[in-house]
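Here the structure comes first, spelled out in structure tokens, and everything after it is commentary.
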Amino acid sequence: MSQDKKKVDMDKIVSLCKRRGFIFPSSEIYGGLGSCWDYGPLGVELKRNVRNAWWRTVVQEREDMVGIDASIMMHPQTWVASGHVEGFSDPLVECKNCHLRWRADQLNGDKCPECGGELTESRMFNLMFKTFMGSVEEEANIVYLRPETAQGIFVNFENVRSSMRKKLPFGIAQIGKSFRNEITTGNFIFRTREFEQMETEYFVKPGTDEGWFDYWVKERFNWYLNLGIKKENLRLRQHGREELAHYAKDCYDVEYLFPMNWAELEGIANRGDFDLTQHAKYSGKGLDYFDEETNERYVPYVIEPSAGVDRSVLAFLVDSYDEDVAEGETRVVMHLHNGLAPIKVAVLPLSKNERLVPLAREIYTEIRRHFMTQYDDAQSIGRRYRRQDEIGTPFCVTIDFQSLEDKQVTIRERDTMVQIRLPIQELMNTLLAKLGGETFTNQTGWSAKEIGA
Ligand code: ATP
């Protein structure tokens, strides 16, 4: 692969995403809405595949994990107990000249980066979106859009533990939307005001937390590698003492080398017993745990791996983007992991000739029962391969006139561009083997035997 990280600039990704139906600016016909993006037909598939891959690894394949889906609006006391009302703020400064607002802790120097104007004193700005529940807009009816999904898990700790008869260590996972009124947004879907998180709270016996923390840091790092992120573009960064929240014992960020720089993809924190203790105090409900083995009662410690769906989508798009040369032309290809590719198979009759159509459509109808499949008969076969390469489709199935005689079709693989011919009877099993079970464990390509190497 001719991948050089520095060659992929964000503009290329943004424009490909728009052109090929991955991501559009929100409400674009009205001029768009700052930092809001809409996932198009291919983006919604990619995003769902990212969520599914996470759920599969974190919940489905584990005995010690269960999932929930809590409401976005929660009892306002939740955010008092969690510390968000008091402390979920960033330092804000405003330019006295152009009135743009900036996060003071992200500025180099004391002048406005836009116009060089003088900045105001910094003040703390709470990032939670406020709204009103019910028809009366008064202080008593204030609710917040959750700024993280984690608190929905903590407040359900006892419901989940008792209904599922869970013993420590066990975890609760959740995927859902979160909202932060970020002072500065940008870098496409990297930092937005509405975004999606994939969070786990893993509850453990105090004293075993450090071992579990190390375990989760490795687990989460490897998750990205297993889905095809290149090792040289991923790193771990431990938070310094001054960066840690006062209750956190330790924290690592999984960072990715985005086009703008290294930046956080996921944070993994050892939060001690802070959250359960706070909710027990503010709700008056006991959230401690009775350990039947040792006859002890204690508040569990928690390890929190907290990832962003949108940031992961961006990392997978950036990492898989490549340009190489095919048949003397530049080819844009997304080397997306098979499990993440929005479209798994494209069915391409050699031409629109009416003799080919019935067989091609029959094959298409069969394949789409199993996988997201596209049927494309417009333009030359070369152009159609390019279109599928650009959206990361792992396999193209071509039906030609010979197929009508010998009942064989051609499968072409995206990365190697190798083509093999095989009986239609074997097509489904071959695709199932390549895209089915193997999907999440390794990148499936042709074996040496198949390509005759
Ligand atoms: P940052 O330092 O980038 O603001 P954070 O440390 O505040 O992030 P966390 O509170 O740890 O972020 O949230 C966990 C994850 O949620 C992040 O690693 C990121 O993937 C995602 N996330 C957080 N804020 C945003 C946002 N504004 N837009 C998109 N994703 C976000």
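What you see below is based on every heavy atom in this structure, not just the backbone, and it leaves out hydrogens, waters and symmetry mates. Both ligands and their constituent atoms are indexed starting at 1 by order of listing.
Within the cation-pi definition used here (under 6.0 Å to the ring centroid, within 45° of the axis), R311 qualifies as a partner of F190. R220 forms a cation-pi arrangement with W223, by the criterion of a distance under 6.0 Å to the ring centre and an angle within 45° of the ring axis. Judged by the 6.0 Å distance and 45° axis criteria, K18 is not positioned over the aromatic ring of F24. Both tests do not hold together for R237 against W262: distance to the six-membered ring centre under 6.0 Å, angle to the ring axis within 45°.
Residue-ligand proximity, G308 to ligand 1, at heavy-atom distances under 4.0 Å covers atoms 20 (O), 21 (C). Listed by number with element, the atoms of ligand 1 under 4.0 Å from a non-hydrogen atom of E182 are 24 (N), 26 (C), 27 (N). Those atoms of ligand 1 that come under 4.0 Å of a heavy atom in S306, given as number and element, are 13 (O), 14 (C), 15 (C), 18 (O).
Residues Q151 and S82 have side chains that never bring a donor and an acceptor to within less than 3.5 angstrom of each other. Using a 3.5 Å distance cut-off with no hydrogens or angles, the side chains of D209 and N270 do pair a donor with an acceptor.
In terms of polar-atom proximity, E199 is not counted as a contact of ligand 1, lacking any N or O under 3.5 Å from an N or O of the ligand.
At a 4.0 Å heavy-atom cut-off, ligand 1 touches R311 through the side chain alone. Counting heavy atoms closer than 4.0 Å to ligand 1, residue L265 contributes backbone atoms (N, CA, C, O) but none from C-beta onward.
Proximity of a side-chain donor or acceptor of T277 to a complementary backbone N or O of D273 within less than 3.5 Å is detected.
Ligand 1 has at least one atom lying under 4.0 Å from a heavy atom of T192.
Looking at E243, R191, E264, it is R191 that brings a heavy atom closest to atom 3 (O) of ligand 1. Counting only non-hydrogen atoms, the option in R180, Q106, E148, Q197 that gets closest to atom 10 (O) of ligand 1 is R180.
Among all protein heavy atoms, the one lying closest to atom 29 (C) of ligand 1 is F190 O, 3.1 Å. Protein heavy atom at the shortest distance from atom 22 (N) of ligand 1 is F195 CE1, 3.5 Å.
Note: Y301 and F203 fail the aromatic proximity criterion, with ring centroids not under 6.0 Å apart.
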